[in-house]
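Following: one structure in structure tokens, then a few remarks.
First listed ligand is number 1; within each ligand, the first listed atom is number 1.
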Amino acid sequence: MLSGIGISPGIVLGKAKIKKENNIQIIRESIKDINAEIDRFHEAIECSKRQIKEVRDKTLAEIGEEEARIFDAHELILEDVTFTDQVINKIKNCLINSESAIKEVSNDFITIFNNMNDVYMKEKASDIKDVSERVIYNLLGIEQCDFNSMTEEVIVVSKDLTPSDTASFNKDKVLGFITELGGKTSHTAILARTLEIPAVTGINDLLQKIEDGDFLIIDGNSGQVIVNPNNKVIREYEKKKSEYEKQLLVYKKYKDKKTVSKDGINVELVANIGMPSDIKSVLNNGAEGIGLYRTEFLFMERDKLPTEEEQFQAYKEVVEKMDNKPVVLRTIDIGGDKEVPYLGLPAEMNPFLGYRAIRMCLDRQDIFRTQLRALLRASSYGNLKIMFPMISNIDEIQEAKKILEEIKVDFKNNEILFNENIEIGMMIEIPSAAIMSDVFAKEVNFFSIGSNDLIQYTVAVDRGNDKIANLYDEFNPAVLRLIDTIIKNAHKEGIWVGMCGEAASNSELIPILLAMGLDEFSMNASFLLQARYLISQLSVNDIKQELPQILQMKKGKQIQNFISKITNIKNFKRDMEDYYD
Ligand SMILES: C=C(OP(=O)(O)O)C(=O)O
Ligand SMILES: [Mg+2]
């Protein structure tokens with residue numbers, strides 16, 4: 001049994017097919033005819049572009065537009081003169097062959113991007129590796145491994161797989177794959193999930209542990225790989241596989257349904273997103289809207305502030321793609337663990353208690369006003385709602401609303417279109433706001449409970465600190481009492497209340513939140529169908545009867561046990577975590 005990281009869910013059983021490393025030796029040869037060498041390089045670039053276009057078109061036809069964009073990025077690398085000029089200069093100045101020049105230049109770029117210690121930059125490094133290997137193969141006239149023409153069903157085993165490799169898989173033949181390198185957020189992992197090919201990564205010395213033809217079981221849910229299992233284990237996994245697939249079919253049936261409990265209570269089930277490209281999976285998983293659009297991601301991974309126009313285009317794209325379904329756009333929550341280096345903000349002793357979110361926006365009104373203008377403009381293209389994060393006192397929400405009003409007046413004077421009745425909401429994620437939620441409820445049209453922060457501030461536990469993760473508990477009775485207070489206060493004022501922190505997708509908490517009367521549940525798209533299924537199995541009024549008793553319990557564990565006993569959802573929780581964690 002080998003343990004790795006499951007990057008694409010599902011279970012498969014089959015024969016191993018090792019993708020041999022093309023251990024090509026690139027020899028640094030001296031050249032005499034510079035022009036001929038540069039021509040050779042250009043020819044290889046053109047040939048690579050043609051191949052990338054083919055992979056792109058295949059991806060577009062068989063997988064999707066978003067995935068095809070990975071290969072647009074590959075083409076851009078070949079068109080990027082900072083890359084190609086450096087290779088040409090190396091050929092000219094060092095009088096070396098193209099293969100070595102590309103290897104040296106791409107290695108420099110890969111090292112720089114990998115050292116940035118940033119997921120996005122690391123992905124860029126792997127794109128450069130993919131593209132430069134392709135050009136080198138073309139220079140050397142080496143055929144690349146053709147996954148498209150596999151004739152028997154296999155599980156591909158490889159040190160690494162590029163997005164090009166993954167996109168060229170013949171889905172009928174490649175049952176799954178295992179690699180040594182790669183992560184959950186890599187392009188290869190994204191493609192595997194879209195293709196619904198189970199995959200596991202992160203197994204050290206993989207190629208020393210598996211041989212061509214070995215019989216394998218891959219469990220993409222738990223990240224386990226079993227090599228040459230006995231018949232008993234094979235039968236056990238065949239059963240697991242069929243149960244998993246049956247359950248998945250049940251979930252999929254809920255895609256276009258409303259979210260209604262067994263006893264007829266209707267709630268809204270919506271998704272959290274970070275950027276427009278997340279929408280595809282949101283729609284595929286039957287979201288009724290977006291409950292949290294974390295716009296700060298548009299401000300990260302770049303070297304200057306996005307302009308009003310750039311922001312407008314992004315927000316408009318989201319709103320239009322959601323086609324009149326509600327989209328709660330949260331103004332930037334920069335700070336805490338979300339750093340934006342080009343803003344030059346000084347380091348702080350306690351960043352989570354510091355210059356963050358609305359605090360920064362009310363201080364840097366240039367940034368805030370630009371965002372408000374962009375989102376107000378986008379509001380005329382669909383059902384957009386505005387939400388302010390990290391509100392801790394009444395002045396902040398009033399000040400934010402005042403600034404928004406000023407921009408509305410300016411828009412009216414200048415005949416700029418926007419939705420005059422746009423709903424305004426606030427996150428309740430700081431205990432002071434939760435305690436004063438009766439007062440805040442008079443200021444806004446809705447609340448969204450940010451349980452990630454609300455928990456960390458209520459129990460004084462850093463949400464990212466593994467050492468004290470046992471204290472970070474959504475079932476902590478203090479947290480549950482605060483949530484109950486917030487919902488009651490919102491309803492007294494006649495406003496709706498949602499939750500967009502991770503706790504909204506916790507299968508043992510969902511029954512309690514339903515009983516408290518939460519109106520909207522916002523979560524990662526991959527949890528939506530399971531949550532809708534779970535809700536359809538629950539009788540909210542029965543759980544409501546138990547709520548006073550639950551709120552009197554002294555320990556989180558006690559509450560959790562009680563809920564799993566009365567709702568019988570222990571197995572369901574295990575399902576959720578196995579499949580998507
Ligand atoms: C949704 C939340 O906001 P973020 O995770 O972006 O801080 C939260 O705090 O629960
Ligand atoms: Mg938060």
Could you verify whether a donor N or O on one side chain and an acceptor N or O on the other, from Thr259 and Glu268, lie under 3.5 Å apart? no
If you compare all heavy atoms of Ala478 against all heavy atoms of Thr458, which two are closest, and at what distance to 0.1 Å? CB-CG2, 4.2 Å
Over 60° means perpendicular and under 30° means parallel, so classify the ring planes of Phe446 and Trp496, tilted if in between. parallel
Heavy-atom donor-acceptor pair, Asn506 side chain to Leu509 backbone, under 3.5 Å: yes
Asp453-Gln456 side chain donor-acceptor pair, cut-off 3.5 Å: yes
Exceeds 12 heavy-atom contacts within 6.0 angstrom, atom CE of Met436: no
Distance only, no hydrogens: is a donor on one side chain within 3.5 Å (strictly under) of an acceptor on the other, for Ser539 and Asn541? no
Any side-chain donor-acceptor pair under 3.5 Å between Ser392 and Glu396? yes
Under a 4.0 Å heavy-atom cut-off, which residues neighbour ligand 1? Leu292, Arg294, Arg330, Asp333, Lys338, Arg356, Met427, Glu429, Gly450, Ser451, Asn452, Asp453, Arg463, Cys500, Gly501
If only side-chain N and O atoms count, and only distance matters, is there a donor-acceptor pair under 3.5 Å linking Tyr315 with Gln371? yes
Enumerate the protein N/O/S atoms at a distance below 2.8 Å from the Mg ion (ligand 2), ignoring waters. Glu429 OE1, Asp453 OD2
